[in-house]
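We count ligands from 1, going down the list as the structure has it; atoms in each ligand are counted the same way. Small disclaimer: the values here were computed from a predicted structure and weren't measured. All values below come from the heavy atoms of this structure, side chains included, with hydrogens, waters and symmetry mates left out.
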Amino acid sequence: MYTKDSPLYQPLLESSQQNPRWSNSTALKPLLIITPFHESEIQAAVVCSQKNGLQVRIRSGGHDYEGLSYLSKTPFIIIDLINLRSIDVNLEDETAWVQSGATLGELYYAIAKESEIHGFPAGICPSVGLGGHLSGGGLGTLVRKFGLAADNVLDAYLVDSNGKLLDRKSMGEDLFWAIRGGGGGSFGIVLSWKIKLVKIPPIVTGFTVTKTLSQGATWLVYRWQSIVDQLPDDLFIRIIIQNVGNGDQKTIQTSFNSLFLGRMDELIPLMNERFPELGLKAQDCIEMDWIQSVMYFAGYQKDQPIELLLDRKTLYKSSFKGKSDFVKQPIPESGLKGIWERLLEEDQFVCMIMDPFGGKMNEIPDSETPFPHRKGNMYNIQYLVKWNEDGTNVSNKHVRWIRMLYRYMRPYVSNSPRAAYINYRDLDLGTNRLGKTSFEEASVWGTKYFKGNFKRLVQVKNKVDPDNFFRNEQSIPPLLDLI
Ligand code: FDA
């Protein structure tokens, strides 16, 4: 337990803050940071905080886009799960138990140590914590083949608002449904998850083909949209779009970044048939095993030691603001050109990451888990702007820019509601009021993340945490009149 007087308090507070945007703000700091080693300590912390009217913020990997795992406007403590990160892989039944404080990198590493032909379909950045990631869905290079990370959860242990320890059987199917995509911080503290491992071929192929505007990037992005969700589910091709260069040299760079669950000699004919415009060649491709592909996507060289995946810090840490959209119809070339103009207006690092859906995502009904963005969504867009200078004015300037881009995108993306991904949390979509929030008020942001599943999430919240002990600016509110 660390109080403000402890020399370790500040380093610990900052240790896993992945967005330094608020480091100089006057926001309240936690009264205590607790780093439990045992579940009983979490149960005690919950009961004690209830008695003292304190809010609890749960932190696993600290990647929340809006810092909700370590910031609060009312007096609070942080329960940081840094010491709860054991991983037990069981190849006999192809499952693993993983504690919430473990990172994706630690999980991928543990799987690779046991097997060369198993993996887990979750996010790309190794420092992301399992606790928040699985709570909000979790998508990565295997999403078209196996769905989201949360789709592959079989059981979980959770401490509820009464301090009780529950597993899937004792929590019941409603609560088990809610914690697999309903967003972290609303229903309890998930201590550990039982996940289903997936089989991966011993050799997979990766490629990254980069094109600028003068190399026909606009047409390629347009074409990509018309095939990407229809491709065989072994093939995942995302696009990362960035502004690069300075002055007259400034341009848009599009990187077609792909994982194919098979060998290069199958991939090249497939690409020639389905996406010949990209002109994929053997020298663009790298054959490797699955864990090397994890390294490759994480920004390392495939032959670097896989122990690098155990580093809990993000590779490129700086202040950022993110937003997200889902796309159901191809954006016309004129629309893409308008995006390029806006990306070129910003002087800082900006990027759009387009992750394709289709495949397994089309087979899973919208109500299977709280994540409703399934069939009919061609791809997800994540918008990011990053900066390194401090100061509210600087930060406001970049936030204004990304809001402007988001406004521009309105005609091209999903509407009624304009959908968003909870793991790319965005408080611009709306927040709870400090006192009571009505269902209508919370629906403004809730239906964007969860569409028709929002109502069921509220019903579950009513049942398991009617006093709203677990709460934050975008937690699911309880509404007694809905029962
Ligand atoms: P953090 O600890 O901040 O938790 C996030 C939220 O969940 C908070 O509200 C927190 O209170 C709550 N929470 C945390 N642990 C909990 C627990 N054990 N029980 C209940 N609630 C808990 N996403 C994706 O789908 N694919 C990707 O490839 C990436 N890549 C990526 C890279 C980088 C650099 C960042 C910053 C983020 C991503 N993400 C992502 C988004 C990521 O999935 C999302 O931010 C997760 O919520 C992060 O989980 P953490 O545990 O790290 O965050």
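- By the salt bridge (Lys or Arg N to Asp or Glu O under 4.0 Å) test, E363 is found to be paired with K360, residues two or more places apart in sequence or in another chain being considered.
- If you look at ligand 1, the protein residues with a non-hydrogen atom under 4.0 Å away are I58, R59, S60, G61, G62, H63, D64, Y65, S69, L81, S100, G123, I124, C125, V128, G129, G131, G132, H133, G138, L139, G184, G185, G188, I189, V190, T314, F320, Y421, N423, Y424, R425, N472.
- Annotation: F357 is not in aromatic contact with Y379 [ring centroid separation under 6.0 Å not met].
- Between Y108 and W290, a ring centre-to-centre spacing shorter than 6.0 Å is recorded.
- Across all their heavy atoms, G188 and I58 have their closest contact at O-CD1, 3.7 Å.
- Separation of the Y65 and F320 ring centroids falls under the 6.0 Å cut-off.
- Between Y421 and F371, the ring center distance clears the sub-6.0 Å criterion.
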